[in-house]
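None of the values given here were measured: they were computed from a predicted structure. No hydrogens, no waters, no symmetry mates; every other heavy atom, side chains included, goes into these values.
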Amino acid sequence: KRDDGTPLRPFASGDEMNEALIERHNEVVKPQDKWYCLGDVAITQKNLPLVGRLNGSKRLVRGNHDIFPTKKYLEFFKEVYGVRVLTEFGGLLLTLVPIHPSQLQRFKVNVHGHLHDKLLDEPGYINVCVEQIDYRPIHIDEILAQASRFNPNHDFNAFSPGNPG
């Protein structure tokens, strides 16, 4: 629930939410696409096989609820990380929990989850929790556009796959 007591998510049940997440994911992510999940992929191990229904070459940045042995995740994910730095996109840092502001200058932008409906009131953080992105993945170009607004002197777009330079 939100701080005001209203429901955090617009679904009647966990099963309804899971089906909506899978449907929306597959509308956006194609089988040949690379996709990063920023943690908390399955609260219970019985739901982990649902990841197999998601399109794309999947990578997991583990979250605080991803408590099962790594080999369980590797059944569904190509790679599993604690954190991931995307050097090919200007050093974007992917985490579940946002990093401390004193470390942000090192990475320029922290793409994170964990906060659900909350946003940090500081530039440099991009919250990609499902509650923030209409329960569907967003393209790296959208992340790069947001990152460029935080760091106008750092050309994130130069690293975009659509840019031949």
Side-chain angles (χ1 to χ4, degrees), residues 1-68 72-84 86 89 92-101 104 109-150 156 160-162:
K1 295 189 182 254
R2 298 181 194 277
D3 290 341
D4 65 4
T6 61
L8 181 61
R9 298 181 183 124
F11 305 104
S13 69
D15 289 339
E16 180 184 329
M17 180 184 72
N18 289 337
E19 290 305 315
L21 285 167
I22 292 166
E23 180 180 330
R24 292 177 184 193
H25 174 97
N26 289 341
E27 288 172 358
V28 174
V29 179
K30 303 305 173 214
Q32 69 276 10
D33 292 342
K34 184 187 287 188
W35 175 67
Y36 284 90
C37 174
L38 300 190
D40 294 351
V41 67
I43 301 297
T44 64
Q45 198 166 329
K46 72 178 177 84
N47 285 337
L48 198 52
L50 294 174
V51 174
R53 294 176 48 201
L54 299 172
N55 286 341
S57 177
K58 300 172 276 287
R59 281 115 172 111
L60 173 64
V61 176
R62 289 178 87 140
N64 57 301
H65 291 292
D66 299 317
I67 59 172
F68 312 119
K72 293 288 186 186
Y73 296 101
L74 289 172
E75 293 176 27
F76 305 101
F77 290 93
K78 182 174 181 172
E79 297 174 276
V80 176
Y81 304 97
V83 299
R84 178 80 167 121
L86 297 181
F89 296 109
L92 294 177
L93 178 67
L94 307 181
T95 62
L96 173 69
V97 177
I99 63 170
H100 191 273
L104 191 59
V109 172
N110 180 197
V111 183
H112 67 86
H114 194 63
L115 300 182
H116 302 283
D117 63 327
K118 311 262 187 305
L119 294 172
L120 292 173
D121 191 23
E122 293 189 42
Y125 294 96
I126 300 173
N127 183 346
V128 294
C129 284
V130 295
E131 296 87 358
Q132 298 291 331
I133 58 173
D134 193 31
Y135 301 88
R136 68 185 77 237
I138 57 174
H139 196 274
I140 187 67
D141 288 341
E142 188 174 333
I143 297 289
L144 295 173
Q146 289 184 47
S148 293
R149 286 194 293 276
F150 298 136
F156 288 98
S160 174

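- Minimum interatomic distance between His112 and Tyr125 (heavy atoms only, all atoms of both residues): NE2-CB, 3.8 Å.
- Leu104 pairs with exactly one of Asn110, Leu120, Leu93 by the side chain to side chain contact (heavy atoms under 4.5 Å, CB included) rule, that one being Asn110.
- Here the closest non-hydrogen pair linking Pro137 and Val29 is CG-CG2, 3.7 Å.
- Of all heavy-atom pairs spanning Ile143 and Ile126, the tightest one is O-CD1, 3.7 Å.
- For the side chain to side chain contact (heavy atoms under 4.5 Å, CB included) criterion with Leu21, the lone passing option out of Arg24, Glu23, Met17 is Met17.
- Using a 4.5 Å cut-off on side-chain heavy atoms (C-beta onward), Gln146 and Val109 make no contact.
- Counting heavy-atom neighbours within 6.0 Å of Lys118 NZ, excluding the residue itself, gives a total above 12.
- Taking both residues in full, the closest heavy atoms of Phe76 and Gly52 are given as CD2-N, 3.7 Å, listed atom of the first, atom of the second, then distance.
- Classification of the His25-Trp35 ring pair by plane angle, with boundaries at 30° and 60°, yields perpendicular.
- Here the shortest heavy-atom pairing between Thr44 and Phe68 reads C-CZ, 3.7 Å.
- Here the straight-line distance linking atom OH of Tyr81 with atom OG1 of Thr95 works out to 14.5 Å at 0.5 Å rounding.
- Nearest heavy-atom pair across Val111 and Leu38 is O-CD1, 3.6 Å.
- With hydrogens and angles ignored, the 3.5 Å screen pairs a side-chain donor or acceptor of Asn26 with a backbone N or O of Arg53.
- In this structure a side-chain-to-backbone donor-acceptor pair under 3.5 Å is missing from Asp33 to Gly56.
- Looking only at side-chain heavy atoms (C-beta outward), Arg84 and Arg59 stay at 4.5 Å or farther from each other.
- Crowding of Asp4 atom CG: a count of heavy atoms from other residues, nucleotides or ligands under 6.0 Å exceeding 12.
- Residue Leu60 holds its CG atom at 11.5 Å from CG of Leu94, rounded to the nearest 0.5 Å.
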